[in-house]
Amino acid sequence: VKRFESYGWHVQSVDGHDRAAIEKALAAAVAQTERPSIIMGRTHIAFGSPNKQDSASSHGAPLGEDEVRATKENLGWPSAPAFLVPEDVRELFAGRAEELGALHGEWAGGFAQFAREDPQAYQLWNAMWQKSLPEDLESQLLDAVPEGDVATRKASGKILQKAAELVPGLMGGSADLTPSNNTFLSDYPVFQKGTPGGRNFHFGVREHAMGAIMNGMAHFGGVVPYGGTFLVFSDYMRPAIRMAALSGIQAIYVFTHDSVFLGEDGPTHQPVEHVASLRAMPNLTVIRPADGPETACAWAHALRRSDGPTALILTRQKLPVIDRSKYGSAEGLLKGAYVLADCEGEPGTVLVASGSEVSLAVAVKAKLDEKGEKVRVVSMPSWELFEQQDKEYRNSVIPPGCPERVAIEAGVGQGWERYVGQGGLVVSIERFGISAPYKVIAEELGFTPDAVVERILSQRT
């Protein structure tokens, strides 16, 4: 009670078994329009059970036939049939259904009048509630990608401004990390008292609450919520992410500072196991883009997907430009994985990477090319999207008969064996990070072109 009072909420405490008190409290809450309300009801577990009330045993196990019979007798309820709906209750509910039907008819008439009198507002309503998107969403977001070497978190920030223009229901913020996550919509106010039309949220330093608020927004409808934090802090909001995945609702997580290469903040802030753990969650699409264009396509997928949440895994450090006139189109991201750079004929080695390690794989290919080897580079930003493709496409990207397959990712290697095979090589990080500039970390942990080439060559002997 004191906690919510300190937040400035309208707080009421009631006996949770006193129906008259509950009704009175609900009326007071509805009448309170200036601040949120919470009603706290003190109740007894297994209320009315002579032998199980207030006992832990009633929480996880049925009362049993004898105790059910005793409880009904104690409460003055008929013992048979097993489930009884009294006639007066049926009549009450039937009358309420008629009442609500009339209210709905009245609302529908008012809504039709609203559509006639304010077609512009009606068009906005439809855009939000039907979540209509432009057919050329991908190309418009690609046009918003900044030029030059750029961190994917900063590319995301630029793309987000364009996405907000195209998707009027898109709104969100960060868990007190807005400048680092690049999640502020610059053309819109903050959502708060006095500006209910704001589209920026100050969630505060509370990742779990942010995720839960996003779930509520998504369930209500009309909006597409997003929330940002550092990837390592996704642990704090995991139950809310799981509920979004379980519920099949659209929520977009902007997880930045995605690897040990965030640098001097050190092991406490450097995620190593987090991408793997998020990939383990059913119905969560995890996307780790390699550059600005892939980030644009990742946002396009997240905005189009309406049957579950999407996690965007973004870098703190700048990534080199991938020359799309020379390499595969970034729209290959929409299939989860695609051939970025290829060789003449069948490859003898396939390098598979995600995110910041894609440019590393390209550099490794260049060194192996100098040795006369046939090497293919595959960018795999999303396992989930790749697994949705048919077997023919998957085999065309990563040929199952290729004698050497190598996965490169700056995190734990768990799961990559499904793509490289039991005899394949996974260049990963099976330890916590270190505090140092990211280039020093790359040297120390073996994420340089020379170090990866050496790993590949030594694997063959």
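Values reported hereafter were calculated over all heavy atoms of this structure, with side chains retained and with hydrogens, waters and symmetry mates removed.
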Check your understanding: Given Asn182 and Leu160, is the side chain to side chain contact (heavy atoms under 4.5 Å, CB included) satisfied, shown in steps?
Key -> CA-CA 9 Å; Asn182 292 267; Leu160 184 56; over 6 Å; no

Measuring from [X]:[atom1] to [Y]:[atom2], what's the distance to the nearest 0.5 Å?
| X | Y | atom1 | atom2 | value |
| --- | --- | --- | --- | --- |
| Leu177 | Met210 | CG | CE | 8.5 Å |
| Gln140 | Asp143 | CD | CG | 7.5 Å |
| Ser325 | Ile322 | OG | CD1 | 12.0 Å |
| Leu312 | Ile252 | CG | CD1 | 7.0 Å |
| Glu207 | Ile241 | CD | CD1 | 10.0 Å |
| Ile45 | Ser55 | CD1 | OG | 7.0 Å |

Exercise for review: Look at the rings of Phe230 and His257 and say which category their plane angle falls in: under 30° parallel, 30 to 60° tilted, over 60° perpendicular.
Suggested key: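 Ring orientation, 0 to 90° scale: parallel.
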
Would you say the side chain of [Y] lies within less than 4.5 Å of the side chain of [X], judging by non-hydrogen atoms?
| X | Y | answer |
| --- | --- | --- |
| Met217 | Phe201 | yes |
| Pro399 | Val350 | yes |
| Val223 | Met128 | yes |
| Ile398 | Met380 | yes |
| Val352 | Val397 | no |
| Gln270 | Tyr438 | no |
| Cys402 | Arg376 | no |
| Arg199 | Leu170 | yes |

Between [X] and [Y] (side chain of the first, backbone of the second, donor and acceptor by atom type, cut-off under 3.5 Å), is there such a pair?
| X | Y | value |
| --- | --- | --- |
| Arg238 | Ser277 | yes |
| Gln32 | Glu34 | yes |
| Glu404 | Leu351 | no |
| Lys52 | Ser58 | no |
| Asn283 | Asp307 | yes |
| Thr195 | Gly198 | no |
| Asn200 | Leu185 | yes |
| Arg394 | Gln389 | yes |
| Gln12 | Ala25 | yes |
| Ser435 | Glu264 | yes |

Exercise for review: For Glu387, enumerate each residue passing the side-chain hydrogen bond (donor to acceptor under 3.5 Å, both in side chains) test, keeping only those at least two apart in sequence or located in another chain.
Suggested key: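 Result, side-chain hydrogen bond (donor to acceptor under 3.5 Å, both in side chains) vs Glu387: Tyr419.
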
For [X] and [Y], which heavy atoms make the closest approach, and how far apart are they?
| X | Y | value |
| --- | --- | --- |
| Ala212 | Ala240 | N-CB, 3.6 Å |
| Leu231 | Ser234 | O-OG, 2.7 Å |
| Val1 | Ser13 | CG2-OG, 3.4 Å |
| Leu319 | Ala290 | CD1-O, 3.2 Å |
| Pro309 | Leu284 | O-CD1, 3.6 Å |
| Ser37 | Trp9 | O-CZ3, 3.5 Å |

Take atom [atom1] in [X]; do more than 12 heavy atoms of anything else shown fall under 6.0 Å from it?
| X | atom1 | answer |
| --- | --- | --- |
| Arg460 | CZ | yes |
| Glu346 | CD | no |
| Glu444 | CD | no |
| Gln192 | CD | yes |
| Gln123 | CD | no |
| Tyr122 | OH | no |

Review point. Should the pair Glu165-Lys162 be classified as a salt bridge under the 4.0 Å nitrogen-to-oxygen rule?
Key: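 Yes, Glu165 and Lys162 are salt-bridged.
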
Review point. Salt-bridged, Arg288 to Glu357, with N to O below 4.0 Å?
Key: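 Salt bridge: yes.
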
Less than 3.5 Å apart, any donor N or O on the side chain of [X] or [Y] sitting next to an acceptor on the other?
| X | Y | answer |
| --- | --- | --- |
| Thr152 | Thr315 | yes |
| Glu294 | Tyr338 | yes |
| Thr285 | Glu384 | no |
| Thr183 | Ser174 | yes |

Practice item. Would you check, one step at a time, whether the test side chain to side chain contact (heavy atoms under 4.5 Å, CB included) holds for Val260 with Ile434? Key: CA-CA 7 Å; Val260 294; Ile434 52 178; over 6 Å; no

Check your understanding: Given the rule in the ring pair (Phe, Tyr, Trp, His ring centres under 6.0 Å) test, do Phe191 and His202 qualify, once you have shown the distances and angles that lead to the verdict?
Key -> CA-CA 8 Å; Phe191 177 85; His202 291 318; over 10 Å; no

Which of these passes side-chain contact (heavy atoms from CB on, under 4.5 Å) with [X]: [options]?
| X | options | value |
| --- | --- | --- |
| Val406 | Val427, Val364, Val426, Val420 | Val427 |
| Phe255 | Leu314, Asn181, Thr229 | Thr229 |
| Trp299 | Val254, Leu137, Leu142 | Val254 |

Exercise for review: Might you work through the side chain to side chain contact (heavy atoms under 4.5 Å, CB included) test for Glu430 and Val412, ending with a clear yes or no?
Suggested key: CA-CA 5 Å; Glu430 306 300 324; Val412 298; 3.9 Å; yes

Check your understanding: For Glu138 and Arg304, what are the C-alpha separation, side-chain angles and deciding distance, and is it a salt bridge (charged side-chain N to carboxylate O under 4.0 Å, His left out)?
Key -> CA-CA 10 Å; Glu138 286 79 8; Arg304 290 194 185 281; 2.8 Å; yes

Review point. What's the verdict on side chain to side chain contact (heavy atoms under 4.5 Å, CB included) for Ile313 and Leu278, showing C-alpha distance, side-chain angles and the deciding distance?
Key: CA-CA 10 Å; Ile313 313 298; Leu278 289 172; 4.3 Å; yes

Review point. Would the His10 and Phe4 ring centres measure less than 6.0 Å apart?
Key: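 They do not qualify: ring centres at least 6.0 Å apart.
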
